[in-house]
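The next block holds one structure in the form of structure tokens; read it before the comments.
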Amino acid sequence: MDEKYFPEQIETKWQQHWEQAKAFEVREDDPRPKFYCLEMLPYPSGFLHMGHVRNYSIGDALAWYKRLQGFNVLHPIGWDSFGQPAEQAAIKRGVNPRDWTEENIAHMRGQMKRLGISYAWSREIAAHRPDFYKWDQWFFLRMYDRGLAYKKKSPVNWCPRESTVLSNEQSSGGVCWRCGAQVEKRDLEQWFFRITEYAEQLVEHMKQIEDGWPEKVLKRQRDWVGRSEGAYVDFAIKDSDEKIRVFTTRIDTIFGATAVVLSTEHPLVDELLEASALKNEVMAFADKVKAEKAARSLAPEEEEVKEGMNTGILAINPFSGERIPVWVANYVLIEYGTGAVMSVPAHDERDFEFAQKYSLPIRRVIERVSHGQESIPHDATSEDQSIAMPHAFTDYGILVNSGDWSGKLSEQAIVELTRFAQAHGFGQAAVTYRIRDWGVSRQRFWGAPIPIVYCEHCGMVPVSDKDLPVRLPERAEFTGSGQSPLAGVADFVNTTCPNCHSPARRDTDTMDTFVDSSWYFFRYCDPHNDAAAFDPELAKQWTPVDQYIGGDSHAVMHLIYTRFWTKFMRDIGLVSFDEPVKRLLTQGMVTNRIEGTDEWKAMSKSLGNGVDPDEMITAFGADAARLFVLFAAPVENELRWSETGIEGAVRFLRRVYTMVWRWQQRLSNQETNSEAVEFSESARALRRKTHQTIAKVTSDFEELHLNTIVAALMELFNELSAFEAQPANASAADAFVVREALESLVLMLAPFSPHAAEEMWEHLGHAGGLLASGHWPQADAELARREELEIPIQVNGKLRSRVLASPQVTEEELRTAALNDKKIRSLIDGQQVVKVIVVPQRLVNIVVR
RNA sequence: GCCCGGAUGGUGGAAUUGGUAGACACACGGGACUUAAAAUCCCGAGGAUCCGGAAGGGUCCGUGCCGGUUCGAGUCCGGCUCCGGGCACCA
């Protein structure tokens, strides 16, 4: 041990020790309870950024804590190594995506090792390696077997810059989630996973995780799934056998329907207009809307103007028999519900706006329930109330002008009208969801090939399991054009049919990379299995994940897909639970000031406010960088980068290190190891602080309040520094107390700054390091108890004095002590004491008048 | 527009869930060491104001704003303001 703290030396030394000792590898036959600590796997862009450092520092702190507490901790890492950047590099610079990816992984792995994150490296996985994506393909086939993977021609979100299809999640807001380009609509044959089949469970099972997941994430998922209860209602069409089915959540307003409005893309539009004189006009309108929709993606912020056209067709309101016009309009979504709505201008903002524009009648059928109202308003209101209503009235209320249902409350009417529709065969209760099936086809090279071939005779045929993986070819042409580069690789495309062995062609699309991340953490349980994605028995020992940590940018994509995937794996018998992750932590962003401004933004190269973790490690050491990152803000908050802050962390580590250096000689004497009988008052105070700190740190770890843990450790250190005994003159009892404090401090520091902790632990007489588990200190409640309490005394709620009392003081004694306090007596002299409130062990408040 | 968060010193943030507001740190100021600087160590500090030669001590105000509940409110309730985020024609 050097007298001075040299982080670089210490860190290199312990990283080697850990590697040699395989300190963080785990075995399934370990009898201790398991803990699965997982951080979101990174994309191998080539360089870690501070967001990664924060993510892994949080995860590693927890992994260390649990390990020290005696858990068998699985803490793995891998690479989300399929995806666009590798392919972009191939297009722009002609490099091989595989080489590019492997080089990036090698560099980032080195950075992680320099940070000293305690990963079980033998379990490292990478999505782009055939032994991994083989199982993507295997899962695809299982989806296919069950009808959960299907192909359909559909308008897809198309990123023109990257020449690829995006999922709904990846194109939310009309822009590409990756490059920000405006998304266009195109019709392509695409593979989909039937996530909608699991929509109900995705909502329902939130109950199982609501204690462990941030409400913010659950809410976004709930919104994304968009469960909505309502009813289908069929409107018959005059002079036709066809019906228009609409979905509504407000069947109670149906007597106010003054039109039925179809999406311009509704299949019935064509058919119904066959005989209509307006056919050409309406079709022209539909084309115009379609063109506008495609163009609109160029300026998505722009609010769309509602436009429509009367088709001249009449629909029949099944409740009233009334004939109302059928319109087509651009504001009705084909993707949601049935692609058709009943228009109730009086009670829906959108219909109101539309009706005003086209002078459709606005008929009020719901009245506000006034407070205490008993009587029912009668149906005396006039037909057209557009003048009387400045807005749509969208609240629930009481029905008017609604036939037999007038006078009923909305809630009740909804139930009764739905039941009536069902009984008469023109409707039924229905639940709809906003979530759409997950489009997984990508016209890209750098992904898992879709294991399907097309045979002239047999049509679409799945590849046999035994022929997996369908390997990516070594080379391809990267033109950046629309087709998958795989289409140009003859060796890849041309194959034989698994069925009839005649010539066939492979599907040339690859899978969305979110497929990899949907199940990767199950692979860590059994990473080298070449007979299965994982052995269910091994997975059972580790999963579900106890704590997952990552950015909240994945709140709806990855974190919904992985929940879906888990339910699917449950259904094919691989796992026995519904939810893959018990606790989720969404860490805050790391931001830095943009030079010359007062703006704090996420670090990024393009903004020029990035901080290179390597430089941090070189300048201050990994231990200090990690300590600072965890201390500077609560884990879920934004973290504002500060150079001086990290210097403070170095200073703290240096001070602790120096303290250990100063005491190590004295503490090597065995007598300091056994507890003395008598301790001085100040020694007892230090012990008290030690045990109070242990208790606080332990409970804060359970909540991942890492910043307050560091503060508590600093407090303990400050008290230790102020302790009067010095190494040269310390009694055995004093030395014992110092040892207890120092050892506890070093152990509790290990999750934050493990290298320095190892070094100090060794020099406190524990050769062999911290590697063995089970060292976490135990708080002794007896020793942590205060010998004397300082009780604040208030008069009329204002702090006026303090008295000292023993922790055993009774309420009565406290009251007396407060009233007899000199200062208090002079203050309340001559006034009437109305009441004395005594909070045991806490405070006394004297109320006077 | 709708739905969530949040607002505490110069700064990041603490506060046992209704009980001494500002822990811990950064930045800052003063001092020691030094020829000097850096490093290190010690001390100070919410604001205003008063008493005292000093050490110290007192009073008032103070957790975005207004109001309420309570012996007591950063914490609970009602009404706002501002900031951040999510969704965005989902019938």
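Note: hydrogens, waters and symmetry copies are ignored here, and every other heavy atom, side chains too, is used. Fair warning: this is a prediction, and the values are worked out from it, not measured in the lab. Chain letters run A, B, ... following the sequence lines, proteins first and then strands; every chain starts at 1.
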(request) For B:C42 and B:C76, measure between their C1' atoms and round to the nearest Å. (result) 44 Å
(message) In terms of relative ring orientation, are A:F717 and A:F652 parallel, tilted or perpendicular, with 30° and 60° separating the classes?
(response) perpendicular
(message) Does the structure show a Watson-Crick or G-U wobble partner for B:G22, both distances under 3.5 Å? Name it, or say none.
(response) none
(request) In whole angstrom, give me the gap between the P atoms of B:C61 and B:C66. (result) 14 Å
(message) Looking at A:E215 and A:R220, is there a salt bridge between them, counting it only when a charged N and a carboxylate O are closer than 4.0 Å?
(response) no
(request) Could you state the atom-to-atom distance from CD of A:E215 to P of B:G86 in whole Å? (result) 17 Å
(request) Answer yes or no: is there an ion pair linking A:D348 with A:R250, defined by an N-O contact shorter than 4.0 Å? (result) no
(request) Check the distance between B:C87's C1' and A:M557's CE and give it to me in whole angstrom. (result) 14 Å
(request) Using both distances under 3.5 Å as the test, list the Watson-Crick or G-U wobble partner of B:G64, or none. (result) B:C80
(message) Using the rule given for ring pair (Phe, Tyr, Trp, His ring centres under 6.0 Å), can you reason through A:F628 versus A:W641, listing the C-alpha separation, both sets of side-chain angles and the distance that settles it, and then say yes or no?
(response) CA-CA 10 Å; A:F628 167 68; A:W641 188 253; 5.4 Å; yes
(message) Under 4.0 Å, heavy atoms only, any strand: does A:R651 hit a base, just the sugar-phosphate, or nothing?
(response) sugar-phosphate
(request) For A:F631, answer base if it contacts any base atom (sugar-phosphate contacts may also be present), sugar-phosphate if it contacts only those atoms, and nothing otherwise; contact means non-hydrogen atoms under 4.0 Å. (result) base
(message) I'd like to know if A:E788 and A:R786 make a salt bridge, using a cut-off of under 4.0 Å between side-chain N and carboxylate O.
(response) no
(request) Using a 4.0 Å heavy-atom cut-off across all strands, classify A:E715 as base, sugar-phosphate, or nothing. (result) sugar-phosphate
(message) Once you apply a heavy-atom cut-off of 4.0 Å, does A:R655 come out as touching a base, just sugar-phosphate, or nothing?
(response) sugar-phosphate
(request) Could you measure between the two P atoms, the one in B:G12 and the one in B:C87, and give it in whole Å? (result) 27 Å
(message) Base, sugar-phosphate or nothing for A:K823? Non-hydrogen atoms, less than 4.0 Å.
(response) sugar-phosphate
(request) Nearest whole angstrom, please: distance from the P of B:A14 to the CE of A:M714. (result) 14 Å
(message) Any strand counts, and the cut-off is 3.5 Å on both contacts for Watson-Crick or G-U wobble. Which nucleotide pairs with B:A45?
(response) none
(message) Return the pairing partner of B:G56 with a 3.5 Å limit on both distances, Watson-Crick or G-U wobble; otherwise return none.
(response) B:C51
(request) Would you mind reading off the distance between A:L749 atom CG and B:C24 atom C1', rounded to a whole angstrom? (result) 15 Å
(request) May I ask you to say whether A:K219 pairs ionically with A:D223, meaning some side-chain N is under 4.0 Å from a carboxylate O? (result) yes
(request) Quickly work out the A:L713 CG to B:A25 P distance and round it to whole Å. (result) 12 Å
(request) Quote, to the nearest angstrom, the C1' distance that separates B:C4 from B:A88. (result) 15 Å
(message) Using atom C1' in both nucleotides, what's the gap between B:G47 and B:U8 to the nearest angstrom?
(response) 14 Å
(request) Side chain of A:E647 only, please: which of B:C71, B:U20, B:A27 is the nearest? (result) B:A27
(request) Determine the contact category for A:G648: base if any of its heavy atoms lies under 4.0 Å from a base atom, sugar-phosphate if only primed atoms, P, OP1 or OP2 are that close, otherwise nothing. (result) sugar-phosphate
(message) For a quick check of understanding: with a heavy-atom distance under 4.0 Å over all strands, which category does A:R222 fall into, base, sugar-phosphate or nothing?
(response) nothing
(message) Heavy atoms only, 4.0 Å cut-off, all strands: where does A:V839 land among base, sugar-phosphate and nothing?
(response) base
(message) One thing to verify: whether A:E307 and A:K288 come together as a salt bridge, which I'm taking to mean a side-chain N less than 4.0 angstrom from a carboxylate O.
(response) yes
(request) Give A:K696 one of three labels, base, sugar-phosphate or nothing, depending on what nucleic acid heavy atoms sit under 4.0 Å from its own. (result) nothing
(request) Describe, in one word, how the ring planes of A:F354 and A:Y358 are oriented to each other, choosing from parallel (under 30°), tilted (30 to 60°) and perpendicular (over 60°). (result) tilted
(request) Quickly work out the A:R220 CZ to B:C3 P distance and round it to whole Å. (result) 18 Å
(request) Using a 4.0 Å heavy-atom cut-off across all strands, classify A:E349 as base, sugar-phosphate, or nothing. (result) nothing
(message) Which nucleotide, if any, forms a Watson-Crick or G-U wobble pair with B:A39, using both distances under 3.5 Å?
(response) none
(request) Please work out if A:D223 contacts a base, only the sugar-phosphate, or nothing of the nucleic acid, heavy-atom cut-off 4.0 Å. (result) nothing
(request) Could you tell me whether the side chain of A:R800 has a donor or acceptor atom within less than 3.5 Å of a complementary atom in the base of B:U59? (result) no
(request) Describe, in one word, how the ring planes of A:Y232 and A:F247 are oriented to each other, choosing from parallel (under 30°), tilted (30 to 60°) and perpendicular (over 60°). (result) perpendicular
(request) Measure from the side-chain heavy atoms of A:I837 and tell me the nearest of B:A15, B:A91, B:C71. (result) B:C71
(request) Could you tell me which nucleotide pairs with B:C2 by Watson-Crick or G-U wobble geometry, both distances under 3.5 Å, or answer none if nothing does? (result) B:G86
(request) Round to a whole Å and report the spacing from CG of A:D252 to P of B:A91. (result) 14 Å
(request) Between B:C83 and B:U59, how far apart are the C1' atoms? Round to whole Å, please. (result) 36 Å
(message) Just confirming the chi classification of B:G9, syn or anti, using 90° around 0 as the syn window.
(response) syn
(request) May I ask you to say what A:D552 touches in the nucleic acid, namely base, sugar-phosphate or nothing, with a heavy-atom cut-off under 4.0 Å? (result) nothing
(request) Pick base, sugar-phosphate or nothing for A:D351, based on heavy-atom distances below 4.0 Å to the nucleic acid. (result) nothing
(request) Determine the interatomic distance between C1' on B:G19 and the same-named atom on B:U11; round to the nearest Å. (result) 29 Å
(message) Give me the distance, rounded to whole Å, that separates B:A38 from B:C33 when you measure between the C1' atoms they each carry.
(response) 13 Å
(message) By the 4.0 Å heavy-atom rule, please label A:V332 as base, sugar-phosphate, or nothing.
(response) base
(message) Please report the distance, rounded to the nearest Å, between CG in A:L799 and P in B:G19.
(response) 15 Å
(request) Name the pairing partner of B:U75, where a pair is Watson-Crick or G-U wobble with both distances under 3.5 Å, or state none. (result) none
